[in-house]
Every structure is written in C-alpha cells, then in structure tokens.
*Asks:* 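One structure, as structure tokens, below. Some questions next.
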Amino acid sequence: MTMKKVTYRQAINEALFEEMERDPKVVLFGEDVGTYGGVFKVTDGLKKKFGNERVFDTPIAEAALMGAATGAAVAGLRPVVEIMFMDWIGIAMDQLVNQTSMIPYIWEGIKVPLVLRTQGGSGSKGSCQHTKSLEAWIYHVPGIVVAMPSTPYDAKGLLKSAIRNDNPVAFIEHKMLYPTEGEIPEGEYTVPLGRASVKREGKDVTVVALSKMVVESLKAAKELEDEGISVEVVDPVTIKPLDMDTIAESVKKTNRVVVVNEAFRTGAVASDLTAQIQERCFDDLDGPILRVTAPDVQVPYSPALEQFWLPGKDKIKQAVLECMKR
Amino acid sequence: MTMKKVTYRQAINEALFEEMERDPKVVLFGEDVGTYGGVFKVTDGLKKKFGNERVFDTPIAEAALMGAATGAAVAGLRPVVEIMFMDWIGIAMDQLVNQTSMIPYIWEGIKVPLVLRTQGGSGSKGSCQHTKSLEAWIYHVPGIVVAMPSTPYDAKGLLKSAIRNDNPVAFIEHKMLYPTEGEIPEGEYTVPLGRASVKREGKDVTVVALSKMVVESLKAAKELEDEGISVEVVDPVTIKPLDMDTIAESVKKTNRVVVVNEAFRTGAVASDLTAQIQERCFDDLDGPILRVTAPDVQVPYSPALEQFWLPGKDKIKQAVLECMKR
Amino acid sequence: MSEVSLSREKLVDMYRKMWLARHHDVWVEDMKTKGQILGSMHLATGQEAVSVGACAPLNDDDYTMHTHREHQQLIAKGADIGRMAGDMLGKVTGCARGKGGHMLLFDKDVHALGACGIVGGGVPVAVGYAMAFKVLGTKQVSLAFFGDGAANEGSVHEAMNFAAVRKYPIIFLCENNRWGLTCPQHEQAAVEDLADRARGYGIPGVTVNGNDVLAVYEAVKLAVDRARAGDGPSMVECQTWRMRGMGFGDTMEYVPKEYLEEGSRQDPICLFEKKLVEKGILTVEEARAIEAETKKTIEDAYEAAKNAPNPDESVFWANVYAAEIC
Amino acid sequence: MSEVSLSREKLVDMYRKMWLARHHDVWVEDMKTKGQILGSMHLATGQEAVSVGACAPLNDDDYTMHTHREHQQLIAKGADIGRMAGDMLGKVTGCARGKGGHMLLFDKDVHALGACGIVGGGVPVAVGYAMAFKVLGTKQVSLAFFGDGAANEGSVHEAMNFAAVRKYPIIFLCENNRWGLTCPQHEQAAVEDLADRARGYGIPGVTVNGNDVLAVYEAVKLAVDRARAGDGPSMVECQTWRMRGMGFGDTMEYVPKEYLEEGSRQDPICLFEKKLVEKGILTVEEARAIEAETKKTIEDAYEAAKNAPNPDESVFWANVYAAEIC
Ligand SMILES: Cc1ncc(C[n+]2csc(CCOP(=O)(O)OP(=O)(O)O)c2C)c(N)n1
Ligand SMILES: Cc1ncc(C[n+]2csc(CCOP(=O)(O)OP(=O)(O)O)c2C)c(N)n1
Ligand SMILES: [Mg+2]
Ligand SMILES: [Mg+2]
C-alpha cells in the first residue's frame, strides 16, 4: 500500500470528506464548523463542497446540537455533530444520557447512528474552561461507543467506521494532537471500533494509555529502553467497549501495569481500566496497577502552574520505575 | 443521649429545619420544594415556617438552579438547592463543573458554600429517566465534596455539617431509603464529612457499599453469617474526599474486598474505589476486588425486567462467596 | 367555538379519538387505584382537545414528540392501543416490549417518536426530525408537544431558536395547563401567554383555547401548512386545564377550586359534542354509541395486556448496543 | 447621540475609562503579537461604550458578571489594572495569582465577579447574586454581560425567566456585536433585536446604540433604578461592532468589509469625545492628555506584571478545596 504523511487534523478531515461523499445521508454541523471550517480547521472545505444543508454552522446551543443530532439520526440521517470543546459537554449531557442513549434500548427497532465529535486535552494555556478531558462522563453512559484515537492512522480509519456504525459513537480528539503527523494509506481503509492496538512491544511493564498520553508513553518507553526497561504500550483506541483481551495478553507477559489518562484523577477512565484489569488479571500482577493522571485540580492558566497539572512523559517514567521495584 | 426513631426523610427534614432556624443565610429552593414540600415530601413545612424568600419553588430550569445557587453562595447566602431527580443532573453539569467548582480555585478568596441535594436510585418502577445513579459524574469534578448517607442518623448529622461547610457539597439521597427508619439523638448532633463508618464488623470479607447498597450488604452479611462467613460492611458515607484509612484498615484484616454501587458498571464510583483500594492495599489482597454494580443497561420499566438490572442482597452474597474461594 | 370546514368523517374521527383518549386515562387511573399498574402516572383527562386537535392535521409519516403526560397524545397520533397497553403494563406485547412503561411510550408505525419523561428534553430531538426532513427533501413535518413548565427549560429555548434559524419544518405545541407539578404558571413565568416568546425567535406564535378542538386544529393546520411549504417553524400555545394531579395520588389541595370548576365547565368533549350535534353532524345516539364503543376498545386492550406474557431476560439484554460494533 | 445630565466629573471618568479600556486591548494585542501572552485572546477594541456605559450607573458593591471578551468590562467596573495585568500574564500578582488567565479575570474589591469562558455560563450565577441581595435586603444589583451568541444558550433563557419570576434585582446586558465567533447573528437567530425576547419573560427590554456611551448609560440607569426599587430585572441590548477577530490570529475574511468600515466610522471614543468637546466639557488638549495618561497606566501595569514573579507550586495546591472539610 502506498502511504502518505498527514496530520491528525487532515486525517479527520479526509475521513469526513470521504464519508460525506460516499453517503448523502451524512451531515455535519456544529459551532463554526461551516464557513470557517472549525476553530481547529478540522472541517475545512467541507461546507464549500457539500453545501449549507449538509454542513452548517449552528447557534451556540449545545443541548440543541446533541438533541438535534439524535433526532436527525432517528429520522434517517447519519449526523456528525461537533461540540467544540469537551469542557462544555455538560450542557449536552442530559440529551446524551436521556435521549441519545435511551432511544435504541427503549424504543425498540430505532437506531441512532450519530457521531459526536469533540476534543479535550490541555497544554494549550487555555485555563480551566478550555482544557478538560471529561471522557469519564460519556464513558459512564450505557450504549455509547467511545473512541479516543492517538494517531492520524487510527483517527481517519476509526472515524470512517464510526460514521458507518449504527450506534451512537463519541469520537474524542485531542487538541494538541491536531498538528502531529503520521502515515496513512493513500487509498480507502478503515480501522475497526473496539480493537486495541499495541503501539510498542515490550516485556517488563504494560502501559495502557489514552489519546495524547500514548504519545507521551512512547517517549517514556524510548527513554526507559536506555535504562534497560522494556515497556509495552497498549492503546485501547476504543475505550468502550474495551478490547480487554489485548490488554490481558500484554499483562500476562509483563505482570506490571501503568494506566495513563489525562483527566482529573478521581473517577477517571483510568480508574475503571484499573478495576477491570485487576479483576481479570489479578494473578498475573506483581504489584498494584499504578495510575498516571492529572490531579483533582482545575487546570490553571499560568504556564508556571500548568506543569504541575499535566501528566506526561516524566510522570509515566516515574510510575514505570515504581512498578519495576516489584 | 435519648434517642428517637425517625425515617430517613424526616431526618433530612429535621436537618434542614434546624439549620435554617440557626442561620438566616440558609435558603432552600428547587422544583416543588416549597408549597408542596417536595415530591418526596422531604421539605415539608419549611416554606410555611421560613417564608417564600427563603424557601421557594422555582421554574423548571436545572441549569439556572445550579447557577443561581452558586451565585447566591458567592454573594453571602448558604443555599441548599434541590435537583429533584439525579437523572437530569446532566442539565446542570456544565454549571457544576465550569462555575461552582471553578470559582473557589480560580477566584481566590471566594467561597461557594452550597449544598446540592438530589436523589438517585432505582426500585421504584420509574423506568430509565427516573432511576439513574449518576454520582460518578459529580465525583469526577474537582473541589466538590460528595456525600451519600445510608441511614437516618448519617443523613441528618451529615446534612447539617454539609450546610455549615464552606465547600460545595453534593448530598445524594436514595429514593427508596426515604421511608426507612433508624435511631437518631433527640438533640443537636452532627456527623463529620469525610469519615467512613463501619456498619458491621467482620473478619472474612470487607464489603464497601454506598447508599442503599449498605442496607443490602447488611442483609447479605446477616445471611452469610449463617453460612459461617463473617462480613465487615464499610460505608464511606462521604465518597469524596474518601476516608481511605478506615477502608484500608478493614482490608488489612479481611484480605478480601467487594465494592457495591448501584450504578452503571462502566466508569462507576465502584471502579474508582477499586482502583484506590488495590493501589493502597495490594499486598493485603488475596484475590481481585470484585464489584457488584448494575449492568451497562438503561433501567427498564417492566417489573419482570427490573430485577435483572438491580444489584442487591443476592448479587452481593454471590460476590462474597466468590471472594471466599481465595 | 371555531368553525372549520372539515369532512364529517374527519370530525367524527376526531370526536372518537377524544373519547378513546378520555376512556384511556380514566381506565388507567382506575387500574392504578387498584394497584394494577406500578410506577408513576400522569393523566390528561380533560385535555383531549389539545392532543386530538394538534394531531388531526398531521399525516402518519409526520413525526411527533411527546411529553411525560403523553397517553392521549399517542392515541391522537393513531398509536395502536393494544401495544400501548402492553407497554403501560410492562408486557412483551408493547412496542418497547415493556421496557419503557408509561413515560416512554412510542409507536413507530405512526411515527409517534415518542414520549419523554425529561421535561423539555424531547424538543431538541424533534428539531432533529425536522432537520432530516429538510435535508432529505421529504414533505414531512415534526410536531413537538411540551408543557408550560417545560417552556422554561433551556433545551426548549435552544431548540426553538435553532429551528427558527434553520427554517426547519416543525410545530412547537405548548400544552399550557397552567401548572407544572404543584407550581402554578405565574410562579414559573412572569408572562401570561407563552406564545409571546415566539416573536423573540422570529417565528409566528399564537395562543388558542386548548379546550376547543377545532381552534387547536385550525392553528396547527396553519402551522403545518407553513412548515410543509418551507416557511419554517411556528409555535402554537393551547391553554387548557389539568384536571388530575401532578401524578397519581396527588390530592391537589394546592389547586384552587375555581380552576377545577372552570375546567369542568370547559370539558372539551362536551363542547365538541354539543357543536357536532347542533350542526347535525352527529346525533346524540351516535355520540353515545361512540362513547361506548371506544370504552370497549380500551377495556379490551387492557384485558389483553393483562393476560399478555412478561418480557424475559433475553429482552433485557436486547439492544444494549443498537447494532454490531465491529 | 443621547443627552444625559451627568456631572462633568462622571463624564470625564467615563471618557477616561473608555481610553483605559481601548489602550488595554490595543496593548495586549501587541503583546500577544510578540508572543508575550500565551493562550487565547478576545479583544473588545471598539466596544468600549458598552462596558463603560453599562458599569457607569453601578456602585462598587453591585456585582457584575462578565464574558470571555471581558477585559474592558472589568476596567469599566473599576478593576485594578495592575492585578489584571498580573492575571493576564499568569503572575502571582494577579487576583487569581495567575490561575485564571485572560478568560477568568475577576476583582473582588469592586465585585467584578467575574469573567467566564463558557458562553452564557455566567448568567445563571449572576441571578444568584441578585437572589442574595433580595433575600438579604441589601440594595445591591447584579448585572450580567452576555453576547448575542450567548443569547441562544439555554442557560441564558433559564436565568432570565427565573429572575423575572422572582423579581430579582438584575440587569441582563446583551452586548450584541452581531457575531458569535465566525458566525453572523442572522445565522444564530432569526430576529433582529434580541431585546424582543424580554417580552417573553414579562420584563422590559430595550435596544440601544451600543457605540453611544450615553445611550447605554441611560438605558442601564433606568434598569438599575427599577431593580433597586424592587421592580425586578430588565434586559438592555447594546448593538455594537466587533472590530477584532473571534480570537487572536483570526484574519476575519468572513466579515464583510462594510461591517468593519461602519464600525470604524462609529468609533465610540471619537463619538463621545466629539460630544464632550462640543458641549465644552473637555478641551481637545485635555482629551489628548487623558489619552496619553491612560496609555501610560496600561504600559506601567504591564511592565510591572512582566517583572512580577510567577506563582509557585504552593499556589497550585491552594484552594483545591475552598475550606476545611472536617
Ligand atoms: C428536566 C426535568 N425536570 C423536572 C422534572 C419533574 N417534573 C415532571 S412533570 C413536571 C412538570 C411539568 O410541567 P409541564 O411542562 O407544564 O407539563 P404538565 O405536567 O403540566 O403536562 C416536572 C417538574 C422532570 N421530569 N424533568
Ligand atoms: C458553551 C460554549 N459554547 C461555545 C463556546 C465557544 N465560543 C467562544 S466565544 C463564542 C462566540 C460568542 O459569541 P457572543 O456571545 O456573541 O460573544 P462575542 O464573542 O461576540 O463577544 C463561542 C461560540 C464557548 N466558549 N462556550
Ligand atoms: Mg403544565
Ligand atoms: Mg457577539
């Protein structure tokens, strides 16, 4: 397969472009996604190509966005709706839990094939209202598939699968990943939902990392290699449903686990992965599963303070070394 | 101390009554809490006693309720705001995470002494929009104290502490507990926030249970006693901040843990407690920590189906027996 | 009472539906009293003209979104009474196979999609239906019922404004019975006619006597024609009387006697019957026959539902995800 | 331009504040261009009349709630420029000790409480301030700024209706610059004057020329007097021009030239200065002196802030909880 180098941003743009071209029922809407092409320019060019009924800017009204996407999906479209920053997903959570997720289970025979695109993550000097990672809230809602790709390859292929899938899918991007580059095939391909991906093989410690934390974990793994520690980095890619088999296989080999998640520590997805892993792999574990997360603190603005909040390479290394004491 | 028997509902009512009498800055508002005294009659008599400025019915507008309570707290009141069912806390989550919880951290010197009262729990044939337990969402928000009392004694004493506390406190009740009875002192008392309570001592298995699941766990413990298994039931009472010392002490003794939480399994508070316990107590554990929760399924209406959803005594017993195999 | 030039057939059908709706709610009230239905119960006895007048201008393939007080609305839309009864009793013969119960009724054959127990929560979803119709170029319309209390929810505001900007084919049908649970309208809004809000969205808004089925019909018909012609949304407010409590068992001491007396004088079925008889469209004997025949329909449906089987565990696990994931 | 009988002192103070506000945003734009400020940046250059006119009728102990485009609003309320500059640069000398940054400015000494990066999110909180004033019987008022885009959020609707019903002393100040990020007002609302919405809440609403500082003053003064007299909320819509992009670096190709040209012609400082000079209240020389003196104030404040120390780790951990828990 011929490969090409694209950014994470372009990869997502391509997926949207191709799926909208393939299927006239795919529509895309949200705040500033149309004329301007999105505040992160992810949806650039789509309105021009597909017109104002299929790609459009909306009023600032996140509950209506989520609800309208749900209704549109019920009535025959395949909407991709954008909530610009995950920080304000709270405005849409009632719609998500009481409409989107309720409908397929209770209203038998009705499907809700929508994709909720949003982005989280810090590191942008955005202070506490533009940097939160609240995937734990969405993750707790039954019937929603939750994906958090970390590479351009996964992002494109997975978004295409998400659009074609008949379940509501939350597709969570990371603002700091948009400019990162990676290889993707020239032609059509998809990445299946629900499959983890081993981003690096290793034998001493399994690091299960989400979204941008995969990138940080790979950096940590590289540095640890020099110290003679072999780290396996597993990226669940889809966090719900979780590909526990791939994780368990890795743990069987390494007997040590670090879970990395850029989110408030208490009640994070990292906790849930930890609970699941210890349940399934208890006898394989040499010591406790360690979690690298952000603290339970709002993300402060000052660059001098942001560093205390951010999880990343160094904290991951520390945790791996801690594990190695077992 | 002379004791008296009251219901969980009465206990909460008394706490509100006494605190409003003690401090003119305490106000109470929400949907139907005034004239009618609340759909569960928890706030009965308060409007009559304290008048329509301090106790009042509001428009149906949960975001405004949460925001207004926050502002009122900033400006000198000590509001107790009710969100009638936790199922629609989603409407208020943006206010909670981006206003209520942000303010004390970022706006230095400003406090937000409010209590958010709400109730969750199933068993009422309420179907999926009136039975959810979404404490995991609130639990994930930094700076919010989260309490889930299981007895009239705790409910009264803890609510009084919550109202007096200068932090925002989420006080989560359980609809099926309202008619349950228990002993409380005749006179004034408080129960401190942040302290777990051992509801039953035992030596074989530690069951950490929340809210109504404490009642179910005690029933299970009683029956297991006949089978010769000694169960310790620990009620964290306040789930955030968590009194990990009390839990760890129990685990040290029993070496086996079951966490019980009536909520959707994935991303539940139970997962987080599990992650925390395995981290702190790994070497004390004989086997994996088991979780008894609801499945990742909307709560169905039909009484014939609700049973498959509900966690309770029997499922707790099963988990304890499973633990005992280690 | 308004004059409308409708065929005899249509008028009699509307009259029949009003009786069906009336008998339905009287019947389930009786069953509820006998403990034969579990959970909550919102009755619309006396509000038949709103539902029937609003649905009469609609086609089967137009979509309707309903409230928590929705039985009559579904009957007006033509929902199958037998399946409805199945859902009300949690039986496998219901459209939801018993999963939804009284607050989540739907019937996809007539595109009654569907009821929602979250006040105001369905309205954004109904906007999504209208979006799909516009994008797909069908001539369908969407009609969203909501109450006077619901009008104060942010979701309704966002939805109305969204639809107005996008000129989606939708009718916002406000069923204003002057009560939201135990709270009178004047404690929920400082405005008499909620249709005044339409102007703020740049769409037509009218207030009609909601106990005059022909007035409701006329106003909604105009709005439907506008919507089908591509001229966008309208709001129709129907002022009516809530003759039953906020739910079952509510003794309504908080409701002024005069309100209930006036509501009785304005019984919509009596008013309509008088008119039909005066105009020679119906004889009193025919009217009594319809009254009796519709009662039997309800009786038979509930008799059958009582004897229908309960859903089993396979139903519980069905549609946890709406479709395959990978 | 409106006539208002204000003292020379007050008029000159308003003129001075407009220059302070102007210089501030020009200054930080320059710093941002040079990379001396990190993160996002919303400038209000050209909107000075709204902020200054709206805050001029307020006392120090009246509370104001601001938006994400708030620098000028805080200056108008009398916030300390030095501390503001500290926050803007993430320095420990800021009110938030650098935690908040450009979108979360506040100054509790003048009760500017405070900015909010969640569009529409602060408005319910401002209703809470007004609640407290009414309950405590002080004569303070609350004023909430929000944009034309924000007007379409559910939170604003809920807040306005809530305050209207409860007759709380609050002014809803809509700063309508006809843009929400890259989306023009007509794609966000199908109504010209957003003040039309006031009628739907049963409160007064007016639309004024937001570039005429005296017109803004006059309208807000009336609203403040009403609020202080116990007559409840009002809405004041100020139509103005957004002369800068949605944030820094936005080249505004999407904004029609005519809009920007008209905005330049309507420069609020020029208009006000012309008037003051015509009326003999200010000489041109005095005006130039004020222009120069206010520039120096800004320069000095930012020079000092640049040299101020960064917050250290202790600041990061301060106020994670607002107060002791037990
Ligand atoms: C979001 C939400 N808030 C509150 C409730 C509780 N509740 C159920 S019915 C109701 C009153 C609704 O009043 P209205 O919209 O006028 O409808 P009506 O009952 O009069 O038909 C309330 C507050 C709810 N179900 N959902
Ligand atoms: C809840 C929420 N939705 C979306 C955004 C992104 N956003 C930031 S500013 C803005 C436009 C706001 O427009 P308006 O209220 O008119 O204020 P202006 O920028 O014109 O001052 C948007 C959509 C946000 N910050 N918060
Ligand atoms: Mg009503
Ligand atoms: Mg604007």
Side-chain angles (χ1 to χ4, degrees), chain A residues 24-25 27 29 53-54 56-77 79 81 91-92 94-95 97-100 102-114 142-145 161 165-169 191-195 238 240-241 243, chain C residues 63 65 87 94-97 99-101 104-108 111 113-118 120-138 140 142 144 153-166 168 170 315 318-326:
Chain A
K25 300 215 161 128
V27 297
F29 56 94
E53 284 308 318
R54 289 185 63 201
F56 56 93
D57 294 321
T58 66
I60 310 174
E62 290 77 12
L65 282 177
M66 193 67 235
T70 305
V74 168
L77 298 179
V81 62
I91 306 175
D94 179 69
Q95 288 293 320
V97 77
N98 283 315
Q99 309 294 335
T100 320
M102 172 279 283
I103 289 176
Y105 184 68
I106 305 279
W107 294 355
E108 293 234 340
I110 308 273
K111 295 198 169 97
V112 185
L114 65 81
I144 310 282
V145 176
S161 296
N165 196 272
D166 274 345
N167 292 291
V169 180
V191 170
L193 292 165
R195 296 258 183 283
T238 301
K240 190 180 179 185
D243 176 2
Chain C
Y63 281 42
M65 173 56 71
D87 277 323
C95 289
R97 293 198 280 171
K99 284 178 177 181
L104 289 165
L105 298 176
F106 77 106
D107 189 332
K108 74 181 160 118
H111 300 93
L113 290 166
C116 177
I118 303 297
V123 184
V125 179
V127 171
Y129 299 160
M131 178 194 294
F133 303 151
K134 187 162 182 228
V135 172
L136 298 172
T138 69
Q140 291 153 280
S142 167
E153 285 279 6
S155 54
V156 173
H157 169 75
E158 293 190 6
M160 287 182 68
N161 181 63
F162 192 136
V165 170
R166 301 291 307 167
Y168 288 143
I170 181 166
V315 173
N319 300 341
V320 166
Y321 280 98
E324 288 297 303
I325 286 157
C326 46

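As a basis for the values below, the full set of heavy atoms in this structure was taken, side chains included, without hydrogen atoms, waters or symmetry mates. Letters A, B, ... are given to chains in the order of the sequence lines, protein chains preceding strands, and every chain is numbered from 1.
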*Asks:* Indicate the atoms forming the closest heavy-atom contact of C:F162 with A:L65, along with that distance.
*Replies:* CE1-CD2, 3.8 Å

*Asks:* Checking heavy atoms, do the side chain of A:D57, its backbone, both or neither come under 4.5 Å from chain C?
*Replies:* backbone

*Asks:* State, yes or no, whether a side-chain contact exists between C:R166 and A:E53 at a heavy-atom distance under 4.5 Å.
*Replies:* yes

*Asks:* Non-hydrogen atoms of chain C under 4.5 Å away: do they reach the side chain of A:Q99, the backbone, both or neither?
*Replies:* side chain

*Asks:* Identify which of C:G114, C:A159, C:A318 forms the greatest number of heavy-atom pairs closer than 4.5 Å to chain A.
*Replies:* C:G114

*Asks:* Counting C-beta onward and ignoring hydrogens, is there a side-chain heavy-atom pair between A:D166 and C:Y321 closer than 4.5 Å?
*Replies:* no

*Asks:* Give, as side chain, backbone, both or neither, the part of A:M102 having an atom under 4.5 angstrom from any heavy atom of chain C.
*Replies:* side chain

*Asks:* Measuring heavy-atom distances to chain C, does A:I144 have an atom under 4.5 Å in its side chain, in its backbone, in both, or in neither?
*Replies:* backbone

*Asks:* Can you say whether C:V165 sits under 4.5 Å from chain A via the side chain, the backbone, both, or neither, judging by heavy atoms?
*Replies:* side chain

*Asks:* Quick one: of C:G100, C:G121, C:S155, who has the most non-hydrogen atom pairs under 4.5 Å with chain A?
*Replies:* C:G121

*Asks:* Rounded to the nearest 0.5 Å, what's the gap from CG on C:L136 to CG on A:L77? Could you check?
*Replies:* 4.5 Å

*Asks:* A:E108 and C:K99: which non-hydrogen atoms are nearest, and at how many Å?
*Replies:* OE2-NZ, 2.9 Å

*Asks:* Heavy atoms only, distances under 4.5 angstrom: which of A:P113, A:A63, A:A73, A:P24 has the most pairs with chain C? Name it, please.
*Replies:* A:A63

*Asks:* Does any backbone or side-chain atom of A:P241 lie under 4.5 Å from a heavy atom of chain C? Answer side chain, backbone, both or neither.
*Replies:* both

*Asks:* Based on non-hydrogen pairs under 4.5 Å, which of A:L193, A:T100, A:I60, A:V169 is most in contact with chain C?
*Replies:* A:L193

*Asks:* How many angstroms lie between atom NZ of A:K111 and atom CG of C:N319, to the nearest 0.5 angstrom?
*Replies:* 8.0 Å

*Asks:* Would you mind checking which part of C:A115 comes under 4.5 Å of any heavy atom in chain A, side chain (CB onward), backbone (N, CA, C, O), both or neither?
*Replies:* backbone

*Asks:* Is the number of heavy atoms from other residues, nucleotides or ligands within 6.0 Å of NZ (A:K25) greater than 12?
*Replies:* no

*Asks:* Do you know which of A:T70, A:D94, A:V27 has the most heavy-atom pairs under 4.5 Å to chain C?
*Replies:* A:D94

*Asks:* Of all of A:A64, A:A69, A:P104, which one pairs up most often with chain C through heavy atoms under 4.5 Å apart?
*Replies:* A:A64

*Asks:* Specify which of C:V156, C:V123, C:L113 makes the most heavy-atom pairs with chain A at under 4.5 Å.
*Replies:* C:L113

*Asks:* Between atom CH2 of A:W107 and atom NZ of C:K108, what is the distance when rounded to the nearest 0.5 Å?
*Replies:* 12.5 Å

*Asks:* Within this structure, what is the SG-CD1 distance for the pair C:C116 and A:I106, rounded to the nearest 0.5 Å?
*Replies:* 11.5 Å

*Asks:* So which of C:Q140, C:M160, C:E324 has the biggest tally of heavy-atom pairs under 4.5 Å with chain A?
*Replies:* C:E324

*Asks:* Looking only at heavy atoms, which two atoms of A:I110 and C:F106 are closest? And how far apart?
*Replies:* CG1-CE1, 4.4 Å

*Asks:* Do A:M66 and C:P124 come within less than 4.5 Å of each other through their side chains, counting heavy atoms only?
*Replies:* no

*Asks:* So, do A:Q95 and C:V125 sit near enough that their side-chain heavy atoms are less than 4.5 Å apart?
*Replies:* yes

*Asks:* Chain C heavy atoms under 4.5 Å from A:V145: which part of the residue, side chain, backbone, both or neither?
*Replies:* both

